[in-house]
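Before any comments, here is the structure.
Order of the sequence lines fixes the chain letters, A, B, ..., with proteins taken first and strands second; residue numbering starts at 1 for each chain.
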Amino acid sequence: MGTRYQRVRGMRDVLPGESERWREVEGVVIDVLGRYGFREMRLPLVEVTDLFTRGVGEATDLVEKEMYTFDDRKGKSLSLRPEGTAGCVRACIENGLLHNQVPRLWYHGPMFRYERPQKGRTRQHTQIGGEVFGVSSPEVDAEILTMLCRVFRELGLSREVTLELNSLGSGTSRDRYREALVDYLAPHRDALDGDSRRRLGTNPLRILDSKVAATRAIVADAPAPVDYLGPASQQHFDGLRRLLDQAGVDYRVNPHLVRGLDYYTDTVFEWVTEALGAQGAVCSGGRYDGLVERLGHRPVPGAGFGMGLERVVLLHETCNGRDYSRADVYVIASPAHTARAAMVAESLRDGTTLRVLQHAGEGGLVSQFRHADRSGARWAVIVGDDEVAQNRVSLKWLRVDAQPGRGEQKMLPVDELITTLKGAG
RNA sequence: GUGGAUGUAGCUCAGUGGUAGAGCCCCGGAUUGUGGAUCCGGUGGUCGCGGGUUCAAGCCCCGUCAUCCACCCCA
């Protein structure tokens, strides 16, 4: 008896029954992105570590203590991507996508963060992210949010999520605010929690969204970023709010909303839910006008988002508990006619788009009908001695929920079977 | 990284230091060609792993791994 292997901590298997839901959710998101003109990027999972320390920020928790970092065989430091934007920007620069173009891009795939797993949080998680480069006006911010609003609507999750919005400002106004915040907090230093005390020197904005009650009380009267916006940032924020109002996108301004990644400027947002416990952020993002320059290209503005699919799928499940069946048609046969049944199944696949599952393995007809029922199929097709003798097959309706009696059944030629099921599908 | 809870059949879980259990699932039968309901029978276990205490450990002790929840962090 060998070792019994376990999955690595924080990693998950997605099994049949869940994978269908994943496909459905991903399908909706990707479809909406396409309808807004976003095109797919397929990006590597591994990047040079420095891309993240520089792009995301050295003092962020993400790079400070959550990255999977390792040396390759020549001693170069590489990291599994903890987020998507930095790699996307790198790819855009490297492939010349930012020259006189306004690319709208999306990507999909796993991100890795070494955190303690809990509900809605795994060490490998999946994001769909989108980025728009080259436009600094708030139209782009508004369009992204309108699009995300549509995504949640089409997923049937509008009632579950709310949009929180804030502006961090940019440039000197952001620096001025930072100073003002530190000035305000410094006298209260001893009353802050330990984490916040530490952040006072490294990343004071993060103190704004602390959950520690004592800290919250102090922060409640602290100056907010919106009070320090420069004229351009103020205009941008006002413009964005006006556009959202016109588009009918509901939002709540949360003056304490900040991001844990350093590259954000001006607009930041977060779609949050109450239904997932402590991990309430389902999708978030904002504007990052300084990032492209920080990564070595001439300045190009950008805005984007990341959506945590594990959490969206979890939400989808709480709102939509239906089972995903694996078949539409279940073909059963008497032992002598399994080959013929296979041909019937194949004809059905030729003539329709239905999922046709042929009974495999042993089992009498009783057992086969039981399998047909449990497969979730709507119809059973029977290829038995009587049917073959008449060069026909039987079609039986398995789902007649209204009446408790037996399902309807009739015998018919294969071409008629196809037209019948085509019409019913 | 910190704290709490939990690991027993594929799943959900009972189990007083003294023979390893139930329900669901699965398989077969009642029904040699008709599913769902009912009834009968059956398969399935290194009790997470490693030590220790004991005549005897699923149960007590220590360690360890994992899961869950919260902190933290974020999507």
In whole angstroms, how far is the [atom2] atom of [N] from the [atom1] atom of [X]?
X	N	atom1	atom2	answer
Gln124(A)	A75(B)	CD	C1'	14 Å
Arg374(A)	C24(B)	CZ	C1'	11 Å
His371(A)	G33(B)	NE2	P	16 Å
Met111(A)	A75(B)	CE	C1'	9 Å
Arg121(A)	A75(B)	CZ	C1'	11 Å

Would [X] and [Y] count as having a side-chain donor-acceptor pair, cut-off 3.5 Å?
X	Y	answer
Thr126(A)	Glu310(A)	yes
Glu131(A)	Tyr107(A)	yes
Arg259(A)	Ser284(A)	yes
Ser334(A)	Asp385(A)	yes

- Task: Anything under 30° is parallel, anything over 60° is perpendicular, the rest tilted; go ahead and classify Phe152(A) against Trp271(A).
- Result: tilted
State whether [X] places a side-chain N or O below 4.0 Å from either non-bridging phosphate oxygen (OP1 or OP2) of [N].
X	N	answer
Arg7(A)	A66(B)	no
Gln118(A)	C68(B)	no
Ser367(A)	G28(B)	yes

Nearest-nucleotide pick for [X], side chain only, options being [options]:
X	options	result
Phe369(A)	C65(B), A75(B), U34(B)	U34(B)
Arg9(A)	A66(B), A75(B), U34(B)	A66(B)
Pro117(A)	C68(B), C26(B), C69(B)	C68(B)
Arg370(A)	C72(B), G36(B), U34(B)	G36(B)

Applying a 4.0 Å non-hydrogen cut-off, can you work out what [X] is touching in the nucleic acid: base, sugar-phosphate, or nothing?
X	answer
Gly384(A)	base
Gly277(A)	sugar-phosphate
Ser334(A)	nothing
Ile332(A)	nothing
Ala278(A)	base
Glu66(A)	sugar-phosphate

Ignoring hydrogens and angles, answer whether the base of [N] and the side-chain atoms of [X] contain a donor-acceptor pair closer than 3.5 Å.
X	N	answer
Gln409(A)	G35(B)	no
Arg116(A)	U2(B)	yes
Lys65(A)	G1(B)	no

So what's [N] paired with, Watson-Crick or G-U wobble, going by both distances under 3.5 Å?
N	value
G17(B)	none
A5(B)	U67(B)
G42(B)	C26(B)

- Query: Does NZ or CZ of Arg123(A) fall inside the cone over Tyr114(A)'s six-membered ring, less than 6.0 Å from its centre and within 45° of the axis?
  - Reply: yes
